[in-house]
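Just so it is clear: chains get the letters A, B, ... in the order the sequence lines come, proteins before strands, and each one is counted from 1. Keep in mind that the numbers below use all heavy atoms, side chains included, and drop hydrogens, waters and symmetry copies.
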Amino acid sequence: MKPRIAFFDMASCEGCQLAILDCEDVFLHILDLVDIVEFREALSEKAPRFDVAFIEGSINREIDAERLRDIRARCTWLVSLGACACHGNVQARSNALSPAENLQRVYGPEACHVAQTDSQYWPLWAHTRVRAVHEVVKVDYHLRGCPVDRDEFLHLVKRLVAGSLPRFARQPVCVECKHNGNECVFEHGDTCMGQITWGGCDAICINGGYRCDGCRGLLPGVNLDSHRALLRERGLSDTDIDSRYRLFCSADVQPRGTRP
Amino acid sequence: MRGFLTTRATVLDWLHTLDQLGDVFFPQPMGESSFRFDKVRKHSLLAFEDFDATSTEKPFRASTCVQPPGKKLSPNNEQIFHFSKNENGEYQLTPTLDDRQRILAGVRPCDLKAIHLMDRINSDGIPDAHYLSRRQNTTIIAHDCLQPCDQHCFCDATGSLRWREGADIFLTPQPEAKLLIEALTERGEQLLADAGFTPCKNIEGRKTLAEAQRTKPFGRQFNAPLQQVIDTVSNSGESPVWDKHVERCFSCGTCNLVCPTCYCFDVQDDFNVDDPDSGQRTRSWDGCMLEAFAVVAGGHNFRPQLAARQRHRIKRKLAWLPARFGDGSFCVGCGRCGHQCTVDIDIFDIANDLLATAETKP
Amino acid sequence: MKPVDFDAHVLTPRMARIIEARDMTAQERFFRLQLPQPLTHRPGQFVMASILGIGEAPISISCGPRHDGQLELLVRNTGSLTHAMHQLQAGDYMGIRGPFGSGFQLSEFEGRDILFVAGGLGLAPLRSLIEPVVGEPQRFGRVTLISGCRTPADELYREQMQAWAKRPNVHVIRLVTDTDHLPWGGEVGLVTAPIAKLEMDVANTLAVLCGPPVMYKFVIMELAARGLPNAQIFIDLERRMRCGIGKCGHCQINHVTCCQEGPVFRFSDLESLPEALT
Amino acid sequence: MSKDGNKTYTIQVDHVTRVEGHGSIKISTRDGKVEELKLSIIEAHRFFESFTDGMLPHEIPWIVGRICGICCVGHQLAASKAVESALGLAVSPQSQRLRKLLNESQILQSHLLHVYFLAIPDYVGAPSVLPLIKTHPEVVRRALKLKHLANEFTSVIGGRALHPMSNTLRGWRKLPNLDKLEQIRERLLAALPDLDATVGIVKSLKIPDFERETEYVSLKHPDEYALYDGEVYSSDSGETAPASDYRNITNEFTVPHSTAKWARWHRESYMVGALARVNNNYNQLHPAAQEAAETLGLHTPCYNPYMNNVAQVVEIVHCAHNSLAMLEQVLDDGLVKEDISHTPGPGHGVGAIEVPRGTLFHEFRFDDEGRCCGADAVIPTSQNINNIERDMKAFAPRMVAEMSREEVTLHLEMLLRAYDPCISCSVHMLDVEFVD
Ligand SMILES: Cc1cc2nc3c(=O)[nH]c(=O)nc-3n(C[C@H](O)[C@H](O)[C@H](O)COP(=O)(O)OP(=O)(O)OC[C@H]3O[C@@H](n4cnc5c(N)ncnc54)[C@H](O)[C@@H]3O)c2cc1C
Ligand code: SF4
Ligand code: SF4
Ligand code: SF4
């Protein structure tokens, strides 16, 4: 029987699901290999059980966490899809403030009060903290990046379909940057997070003329002290450096204790 | 073998005509201040060496390309074979051998020596068919250096500056934007046969002229003769020098991936989505500085400490491979690793530090 | 450069049909393959085995030299390729390259007493030497096999070890570190334990070890305590290997490549390779 | 008379599928009369206001793209314009042209996705695009091919299809490769027959017959069909207002059953998006697009919100032809590396742009050190949502009288999908009280 795969979105820009819909050229062939049983962005179908569940987005409310636990109970493999699911991504920057402060900032004091006291609405509004998926349930694989890399997605699906296991190289972005023979960003005066960021993106931002801002999260065990010292030498203040590390919140939540 | 003397502009035109034979590569500017060994196209800016540093034409002074020219002979993600199933359900496997003609031009002496060393590696023991197939269909037009390309260069110290072996044609800068063109092999001789360049009657005199112009001392020099460096590195086991030089290291592998004599690779298989019975095996550049390099099944890592990996890298260049092949240093002194490392960890400094600690030992 | 002759298929496998596949333990699966041509391997060599489209890995040849083109492998499920191999059945195909590596020269063992020490999966490569040695008792001296594993459920080649033990001049010691409350006819302890008590003609004994890296140090200490010279100890090392032909660099130990000069080394030769037993 | 025997019922559709983001619809009827109808946005908030805090100017366009994957280019461009206006940065004609190409490539992507993947299945009675692979393989193949082309178009211009990185303040960090641009031009040209076929399919769809006149709002530009540039135009007033007036245009307010905010301008609600643009700027459409509108029976002013999908097809034709013309210009003129440096500093600016779903406003304020200290964004969907609920309320009594419960549900969902709402954005909006 073909493996059944399902997609679920939590708090995210839904770009990672789109990145997967972007496999147009191979989409029909993928459908020969797997049955897509839930994909809210493209389908209306729903299914009770599935082999692989892809979770896009961070977990911001208890109702979302409940939904996630339910999904975990219905699947064999659970995959965090993209930076929001892997480490909270940009929205986790709001964790610096309390939930009530955040609500008040966006909706004003009155709405904030109603949202927190009217039981008809509070589950909808009850924002706790922005959490990564692995902070709530066990995660088997992380597909990193904002957005995810379609080749990594294809690799994972193909490997699981073939009865093998996916393998994601545990190496920094610099490796792929050098594979591509790029000029190092430091060479033209800017600074880069490539040395400490989990690769697999083919260094796409550097290929495109930018630098690495670390959307794929910190590689475990990296020499962060050295990186900070280097950025200081390049004239960045500690505020700048913290702001850079927090741009995608990549340094905040490290997926640990799970398969790489 | 014959020699010619002609202007750079003529040589440029000639290089453009060579693309009838196959792809022609030459160092070309990229980004803000770097060079890339790239296919020569109609409007490409080619980075030649100049006789003296007075030329105002830009960009003539090429520093080393980020990726050395030798990498064209074992490209990243190189296909090893592809497979499919025939009507009888049997697998058909076809090795991918690239035997297209290509010309690597503007190869500097350090990179030339590196190609020679890779020839040794790939012919050693069980030869590597994929490398050799490319190599044997490659013509090399090397280009002398009269000034060190940047402050990281130490090619003279490693014995690469005057390297000629492996080149089919050798270009030496001459005054007035001219070049001395020498055929070093039969293949080079043939290539130059109908180029229509003016023969040079005084090849030796021209070479002497260039030699006199060469910067002296050329680039950085070790604090001891090369053989002593090799002996010292060979005898350095546990040493605080290793630890000192990895304090700031990211284990990012850049130093491996830009080195012209690093050749380690990883292998990947893949099958096609539209026909899962077909696919290919490829290999990609790997590096011994990367943490997972020596991890085996079950997770045991044979070189978990950064210092052990750094020592491994340096010793391959300056101890083990020299011992195995007797061809001198496997570091050709191109300076790429020190240049590209974002925290300035430089094999040159490490070697000098090892010399210094060896001296202070009783 | 001077032209060099090469084999275009050096990195391209030949396909071998699986004629027998069965789980030997929960983690190890046994395969018997039929090759198009015999490998003519030496004991202790390995092949690069692959599933096309999934990957390739070094796997020890676990049978003695044979002429019928059959090959036996024992594969532990540890990662992406070996996981997929565990789904293979008789009739499926595996890609095979090789044989690679130094292996053992049978002639060196002639007339000598041989002590085999196998830890876990280490028995698989050793079996390629034990088989021919046990098969020709007149050619070799006394054979002792110490084989250890975690629990009785993890033991490999049990029946075959029992059969070897019945041969004259063959002594087999089977150990587990934990019986796990399963029926167990062997001993409990580490493979190092029996060495001190072994009857051993030190001058005429060769020891051959294969097991996880942690095992070697302790076994060697015991052997040294018995006075066995380092030149009489052979060790089968494991390293990451991607090519088998000394090019990928992963298996390099100091100045040697494990896939070419190894994976079997004489322990005395390892003294110049400080990284060998890390 | 209702086809459904039971005239008293409640329909609740949670997690409406095939829309961006999470919305739910609740309708209660008693004795054939609609008692209550509520369109709720149940998307979790992502508190974007908390994250622009302290960011440097060039980081803003890069990061705010993360508000929404499908409109990432629109957010990036609106933010670029707002930040440039705050810092007084000039944008060269070359960069402007590249930005227009980038924007139109994304409009192509997004409209194709919505028409083929989200809307057409409803009209042919399929739960999704998947069954169509069997029943209408050529349609699916064409959809995938066109979508793929549009994606690669964005990639070649911007560096990748989603969250492109090559555009920044003032222009391009790394210019698009001319060879690749040429390839895209050729492929677009070759795809024009596929666009005709797209028009053909959409022409055959039976669009529900429902009209409710409302106020149509979009950008308007004197020289071109306004997508990247222009002032804000209202069909009610017939006048334009500068983008910086956006607060007086959108007049946002909060309702408790929705995590997205609502908007109104001259009347109780207004509409933005493809239909509003076609209604307001019909004469500036490319002739081929006007022809498509003719073929599709889209006559302006058009008051049927379901026709928004048709207007999207008209815009697909427009963007394809317009992009082709711009690509030709770029290929003729070549691309030159430009100075795009800037110094962060204090300032305040607003930027507006037409994205697939309508007019998008961004506003930023920077302190003396050039760090962001105030941000706001008003997203098309939060402008539309009020109008959608009103459409639903207007249509529902007729639906309840004439249709089965399943059909009611379907028609409500179709209406939501026709607007092509981007619910993710509407909740991911930015807003902070400004400290002046
Ligand atoms: C000479 C020799 C003989 C051998 N003989 C046998 C034999 O007879 N039978 C047998 O079963 N095995 C044998 N092996 C071991 C066998 O080669 C490995 O088990 C096999 O390579 C595993 O491949 P895999 O693709 O299944 O695992 P992989 O997916 O490659 O993973 C294997 C392990 O490597 C580690 N790993 C892989 N990639 C990474 C990474 N990127 N980062 C961190 N860790 C990583 C993990 O710990 C994982 O558990 C032998 C090895 C050698 C060198
Ligand atoms: S640009 Fe960044 S990723 Fe690339 S080599 Fe430099 S530090 Fe590494
Ligand atoms: S390039 Fe520098 S930081 Fe990176 S691994 Fe090499 S020595 Fe370490
Ligand atoms: S070790 Fe460094 S200097 Fe030596 S050849 Fe390699 S890259 Fe060049």
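- Looking at B:Ile80, both its backbone and its side chain come within 4.5 Å of chain C, counting heavy atoms on both sides.
- Side-chain atoms of B:Asp277 and C:Leu52, non-hydrogen and from C-beta on, never get closer than 4.5 Å to each other.
- At distances below 3.5 Å, not a single donor-acceptor pair connects side-chain atoms of C:His255 with backbone N or O atoms of B:Pro322.
- C:Pro213 is listed as a side-chain neighbour of B:Phe302, based on a closest heavy-atom distance under 4.5 Å.
- Using a 4.5 Å cut-off between heavy atoms, B:Ser133 touches chain C through backbone and side chain atoms alike.
- With contacts defined as side-chain heavy-atom distances shorter than 4.5 Å, the pair C:Gln252/B:Cys288 does not qualify.
- Note: C:Tyr93 and B:Tyr91 have perpendicular aromatic rings, judged against thresholds of 30 and 60 degrees for the angle between ring planes.
- Formation of a donor-acceptor pair under 3.5 Å by the B:Arg283 side chain with backbone atoms of C:Cys248 is not found in this model.
- The part of B:Asp286 that comes within reach of chain C is its side chain, from C-beta onward, which places non-hydrogen atoms under 4.5 angstrom from that chain.
- A donor-acceptor distance shorter than 3.5 angstrom exists from the side chain of C:Lys247 to the backbone of B:Ile126, with no hydrogens or angles considered.
- Each of B:Phe83, B:Tyr263, B:Phe271 has some count of heavy-atom pairs under 4.5 Å with chain C, and the biggest count is that of B:Phe83.
- Residues C:Arg17 and B:Glu90 are not paired through a salt bridge, judged by the lack of any N-O separation under 4.0 Å between the basic side chain and the carboxylate.
- In this structure, C:Arg242 fails the cation-pi test against B:Phe265, since its NZ or CZ atom is not both closer than 6.0 Å to the six-membered ring centre and inside 45 degrees of the ring normal.
- Counting heavy-atom pairs under 4.5 Å between each of C:Asn254, C:Leu11, C:Ile253 and chain B puts C:Asn254 at the top.
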